[in-house]
Amino acid sequence: MVATETLDKTHRQRRSLRGWVDRHGRWLIILPPLLFLFVFFLIPFGFALKISFAEAALRIPPFSDVYSATPDHKLHLVLSLSNYKYLLTDEVYVVSYLYSIRTAFFSTLLCLMIGYPMAYAMARSSKATQGILMLVIILPFWTSFLLRVYALEGIIRDNGLLNATLLWLGVIHEPLKIMRTTFAVYLGIVYSYLPFMILPLYATLEKLDHTLLEAASDLGSRPWRAFLDVTLPLSMPGVIAGSMLVFIPAIGEYVIPALLGGPDSLMIGRVLWDEFFANHDWPVAAAVSIAFLVLLAGPIAVHQHFRVGQLEH
Amino acid sequence: MESRASPFLISVLCLGIAFLYLPMAVLVGYSFNASALASVWGGFSTHWYTELLHNRQILSAARLSLEIAALASTGALLLGTLAAVALVRFAKFRGRLLLTGMVNAPLVMPEIITGITQLLLFVSMLQLIGWPTRGITTVVLAHVAFCTAYVTVTVQSRLQTADRSLEEAAMDLGATSFQAFVDVTLPIIAPALLSSWLLSFTLSLDDLVISSFVSGPRSSTLPMVIYSKVKLGVSPDINALASLIIGVVGTCVLAAGYLVRRGERQRVAETRLATG
């Protein structure tokens, strides 16, 4: 009798524990990543916003307090808009924003023009070859980004492989000046980000219903026409996803313009870096980041929209 | 698709692949050049590799970077897997949209913004609660944040295709939902876990921009040392280091790819056997 009672009790306890886990246990799974990313990814933007209203000061950390408690325990808020005014008055910021967008745009276009036929050729090869090609395209993505940019320098610098070969062949008589030009930055971005363009394109092209193309050709469409009318529109999600994956990080690129670009390739990432490490003006750097983020909100929203749509399917 | 690619498409594909690989091949070639001048071939030599072994600055930076990468990728694997399970298995919960946004945004956020904002966080935290001092801790925390995003996305897409009914069958046979997940689903998503851990490891090992912002005065990581040398021009010992890294990473990725594919094939065969 007693035994059954205890058994019953433990059973009930276990059931209530299980009920608790069923009801709240999911929070043990949800909370750790949610809290971590909230604190270390989202909250930082709040601090950046706060510090963008501060003023540079000679102390550690090098900025003034935005709010402080007055002696009579009232919160005293000092918001300085001078950093944002400075962004609009100093030409360098507007110029570098525009330059970054232009550079990212043309690099993305180049990536698309090279990446699309590559992805299309991959999607049309046999299943076994597709697996190998995937690996071949992904492998550079795993190798160091910094080292790949440095490797590209070995090809395009004045005494690099490209110039040596062209000189040897007699195609040119003086080395081509590619390093430290805007073209070198384009080349660097295309070289580094090409896999990001190819993979989403390949993913949509591979799933494409081939019977639609056959239908188009049965109805008398020429291959080129069928491509424009059927394949291209259907692969638009891949085109947009790939372009966003290249365009957004490319705008903020620092390493490529710093290593391959000339002194005039003032991309916003480079300006930010210098503001921080050379001028030590943290509040202005924070204001530039916030303004930059506002500018990026549109493209990032497009990216999120497509990613979420992709995952829901 | 059964129809073949045209010669035009195939040649673009081959040229594109050559474009991706040629610079790295040339770099490996240069690393065996006896001459310190990049334009002159001075004969085959492993001189720069022995030089590398005696460069204390590079060796200690490499050690530091490997430690950081091991910690960050393990942390990201744990958090990212939890986030993926949450997003795939729980259709509705408070904060779902927030979590979705926070795991996708780091994938496209320019590193320089993430780096600056995280530095400002760490500096403010240090002022408010006296933790963390800039150094290994802050680099690891920053790396965990962006690697978690990559892990979540990889594991999420694998979990979505995992067959839920197997887990339900295990639960019908008396397993708790936790047991069912560990015994049934975990082995299925193991390849995705392995590859996302490896990916996080290499991303952390490679990161220059975020580390430059959040690291402290005495914690220069390997990319930071490489960058400061490369900025000054060609350095033959960096060619040797780069070739080593490319070789090691390439081998690891190929080996992991092989293991994953073999595991997949075995699993498919077993499932076929089980279901007749």
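First the proteins, then the strands, lettered A, B, ... as listed; each starts at 1. Note that these values count all heavy atoms, side chains included, but never hydrogens, waters or copies made by symmetry.
- The closest side-chain heavy-atom distance from B:Y227 to A:L259 is below 4.5 Å.
- Looking at B:S65, its side chain never comes within 3.5 Å of a backbone N or O of B:A62 through a donor-acceptor pair.
- Proximity to chain B is limited to the side chain of A:F36, based on heavy atoms less than 4.5 angstrom apart.
- If you measure heavy-atom distances from B:V26 to chain A, the contacts under 4.5 Å come from the side chain alone.
- Between A:F196 and A:F141, the distance separating the two ring centers is shorter than 6.0 angstrom.
- Aromatic ring centres of A:Y116 and A:F227 lie closer together than 6.0 Å.
- Both the backbone and the side chain of B:L198 come within less than 4.5 Å of a heavy atom of chain A.
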Listing, residues 83-94 of chain B side-chain donor-acceptor contacts under 3.5 Å, not counting sequence neighbours, or none:
| residue | atom | partner | partner atom | Å |
| --- | --- | --- | --- | --- |
| B:R89 | NH1 | B:E167 | OE1 | 3.2 |
| B:R89 | NH1 | B:E167 | OE2 | 3.2 |
| B:R89 | NH2 | B:E167 | OE1 | 3.2 |

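- Contact of B:L20 with chain A is made through backbone and side chain together, with heavy-atom distances under 4.5 Å.
- Ranked by heavy-atom pairs shorter than 4.5 Å toward chain A, the options B:T148, B:L119, B:L78 are led by B:L119.
- Counting heavy-atom pairs closer than 4.5 Å to chain B, the top-ranked of the candidates A:L293, A:V136, A:V190 is A:V136.
- Contacts of B:L27 with chain A are made by side-chain atoms alone, with heavy-atom separations under 4.5 Å and no backbone atom involved.
- Between A:Y202 and A:Q130 there is a side-chain heavy-atom pair separated by less than 4.5 Å.
- A:M118 is listed as a side-chain neighbour of A:I137, based on a closest heavy-atom distance under 4.5 Å.
- Among the candidates A:T143, A:I138, A:L133, the residue making the largest number of heavy-atom pairs closer than 4.5 Å to chain B is A:T143.
- Only the side chain of B:I116 comes within contact range of chain A, with at least one heavy atom under 4.5 Å from a heavy atom of that chain.
- Counting heavy atoms from C-beta on, the side chains of A:F276 and A:L272 never come closer than 4.5 Å.
- Looking at B:V123, only its side chain comes within 4.5 Å of chain A, counting heavy atoms on both sides.
- Ranked by heavy-atom pairs under 4.5 Å with chain A, the list B:V108, B:L15, B:I113 is led by B:V108.
- Checking B:S200 against B:H143 by side-chain atom types alone, no donor-acceptor pair falls below 3.5 Å.
- By number of non-hydrogen pairs under 4.5 angstrom with chain A, the leading residue of B:L208, B:L126, B:I17 is B:I17.
- With a 4.5 Å cut-off on non-hydrogen atoms, B:S212 touches chain A through its backbone and its side chain both.
- For the set B:G75, B:G95, B:G250, B:A105, the entry with the most heavy-atom pairs within less than 4.5 Å of chain A is B:A105.
- Taking B:I10, B:L107, B:V144 one by one and counting their heavy-atom pairs under 4.5 Å with chain A, the maximum is reached by B:V144.
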